[in-house]
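Just follow the structure's listing: the first ligand is 1, and inside any ligand the first atom is 1. Residue indices begin at 1 and follow the sequence shown.
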Amino acid sequence: MGQPRALLAGSGIAVPPLEIDNDTLSRIIDTHDRWIRERSGIVTRFYVEPGTSSSDLGAEASRKALEDAGVEGDEVDYIVCATMTPDHYFPGAGTLIQQHLGLRPVPALDLRQQCAGFAYGLQTVDALIRSGIARTVLLVGCDVHTSLMPFSSRTWEVLHDESKGPLEPEDFEWNSRFRHLLVLFGDAAGAMVFKAHEVDDGRGILGARLYGDGSRSDILMVPGGGSRNRPFVTPEMIAGAGMVPVMDGRSVFKLAVTRMPKVTREVLEAYGYTLDELDLLVMHQANLRINEAAQKALKLPSEKVFNNIQKYGNTTSATLPLCFHEARQAGKAKEGSLVALTALGAGLHWGSVLMRV
Ligand code: UT7
């Protein structure tokens, strides 16, 4: 046996308590259930209570993944955390998760690849375990999008059912400026535990094909709140919606429907597999229409694709582990199953990771 492989030992998820359906959103945004369902497939999403951060959700998912894996905290010798909504600008969420879980001091790495963050994380775990740097790695994807939502306290009161509304017209108008964006996102976390696997039986993370291309960074980004600005954040920036993500939805859509199937084919070919041999494709959950088009392009039957965007919306770094975990619970990712995890998001970053469960 040469290098050990990174074998999945367990997975877990954390979903916050506040379930928001499309009708509830239409009380605060000029939108309606039909538009959201038809254009995105989303029916509900979940929001955290005020004060709950990405590391809180990440720690909850991690506890469940460790329990599922039967791994004691002391065994974890590396943490990799993907999030685009860390609790603070710095430090990252990795060490905060280590602290929440009461783990001993171990390396804790934060990744910033947005919707492709967990795919990058899987490649990192593969490299850490194959190289012998780590033997038991906790990989977490967590995002709290509600921290980016530009809602007033009056809007939050309506969402939290503390006020029946109706909203002031200026709040409704302000929220509706971002309606193409706000209806898509939800909060969640997912985690996986990987262990070094010494048996040469073809199981474990097999490899990845990942890409980054900054020439398209403008189509999905937060323009304010960074080192390009002095100071970092100003009241004018906030008033002018500079802290709200900017998204050219059509461009992202077009790139996702072509690149996700392409990179999935590429990773399969690179490691000597065909689409027929693939048992399950888990794609980033940004839009059900994107995933249906990608499935069609790959000519994959429905039983080989799993989507749960209908329930959770787009949860960025959490989508791949959240979707994989539910697919696994539904019996679609059994021991020995060949699974591809494919994503595309801001950066641009995209890629696909192949693993045998
Ligand atoms: O993780 C990566 C992140 N993002 C993505 O992957 C996003 C990919 N893109 C998408 O999912 C789609 O582009 C969206 C769902 C965001 C938008 O769908 P679309 O079919 O591209 O719609 P659109 O933005 O071109 O807007 C069509 C119409 C517009 O009205 P007019 O100009 O035709 O009168 C919008 O104002 O729909 C209107 N609209 C809405 N109407 C009701 C946009 N958002 C909404 C809304 N409710 N929430």
Legend entry - ligand 1-proximal atoms of Thr316, by part, heavy-atom distance under 4.0 Å: neither
Legend entry - Option whose closest heavy atom lies nearest to atom 41 (N) of ligand 1, chosen from Trp35, Phe253, Phe178: Trp35
Inset, instruction - Among Ile, Leu, Val, Met, Phe, Trp and Tyr joined by side-chain contacts under 4.5 Å, find the other residues sharing a cluster with Val140 and list them by chain and number. - result: Leu66, Val71, Val76, Ile79, Ile97, Leu101, Leu103, Val106, Leu138, Val193
Inset, instruction - Please work out which of Gly249, Ala343, Ala256 has its closest non-hydrogen atom nearest to atom 13 (O) of ligand 1. - result: Gly249
Legend entry - Distance-only polar pair, side chains of Thr274 and Glu277, donor-acceptor under 3.5 Å: yes
Inset, instruction - Output, in order, the C-alpha distance, side-chain angles, deciding distance and verdict of ring pair (Phe, Tyr, Trp, His ring centres under 6.0 Å) for His349 and Tyr120. - result: CA-CA 9 Å; His349 294 284; Tyr120 271 70; 5.2 Å; yes
Inset, instruction - Check whether the side chains of Ser54 and Thr85 place a donor and an acceptor atom closer than 3.5 Å, and report yes or no. - result: yes
Inset, instruction - For atom 6 (O) of ligand 1, state whether the nearest protein heavy atom is under 4.0 Å away. - result: yes
Legend entry - Distance flag for atom 48 (N) of ligand 1, protein heavy atom under 4.0 Å: yes
Legend entry - N or O contact, Ser40 vs ligand 1, cut-off under 3.5 Å: no
Legend entry - Non-neighbouring partners of Asp87 that pass side-chain hydrogen bond (donor to acceptor under 3.5 Å, both in side chains), sequence neighbours left out: Ser53, Ser55
Inset, instruction - Please check if a non-hydrogen protein atom sits closer than 4.0 Å to atom 33 (O) of ligand 1. - result: no
Legend entry - Close approach, Ile36 and ligand 1, non-hydrogen under 4.0 angstrom: no
Inset, instruction - Examine His32 against ligand 1 and note whether any of their N/O atoms are separated by less than 3.5 Å. - result: no
Inset, instruction - Kindly say whether Asp213 contributes a backbone atom to a donor-acceptor pair with the side chain of Ser217 at under 3.5 angstrom? - result: no
Legend entry - Sub-4.0 Å heavy-atom contact, His284 with ligand 1: yes
Legend entry - Options Glu38, Arg39, Met247, Arg250, ranked by nearest heavy atom to atom 16 (C) of ligand 1, top entry: Met247
Legend entry - Pick from His180, Arg179, Gln285: the one approaching atom 30 (O) of ligand 1 most closely through a non-hydrogen atom: Arg179
Inset, instruction - Report yes if the side chains of Met355 and Asp126 come closer than 4.5 Å at any heavy-atom pair, otherwise no. - result: no
Inset, instruction - For the residue pair Phe151 and Trp156, categorise the inter-ring angle as parallel (less than 30°), tilted (30 to 60°) or perpendicular (more than 60°). - result: perpendicular
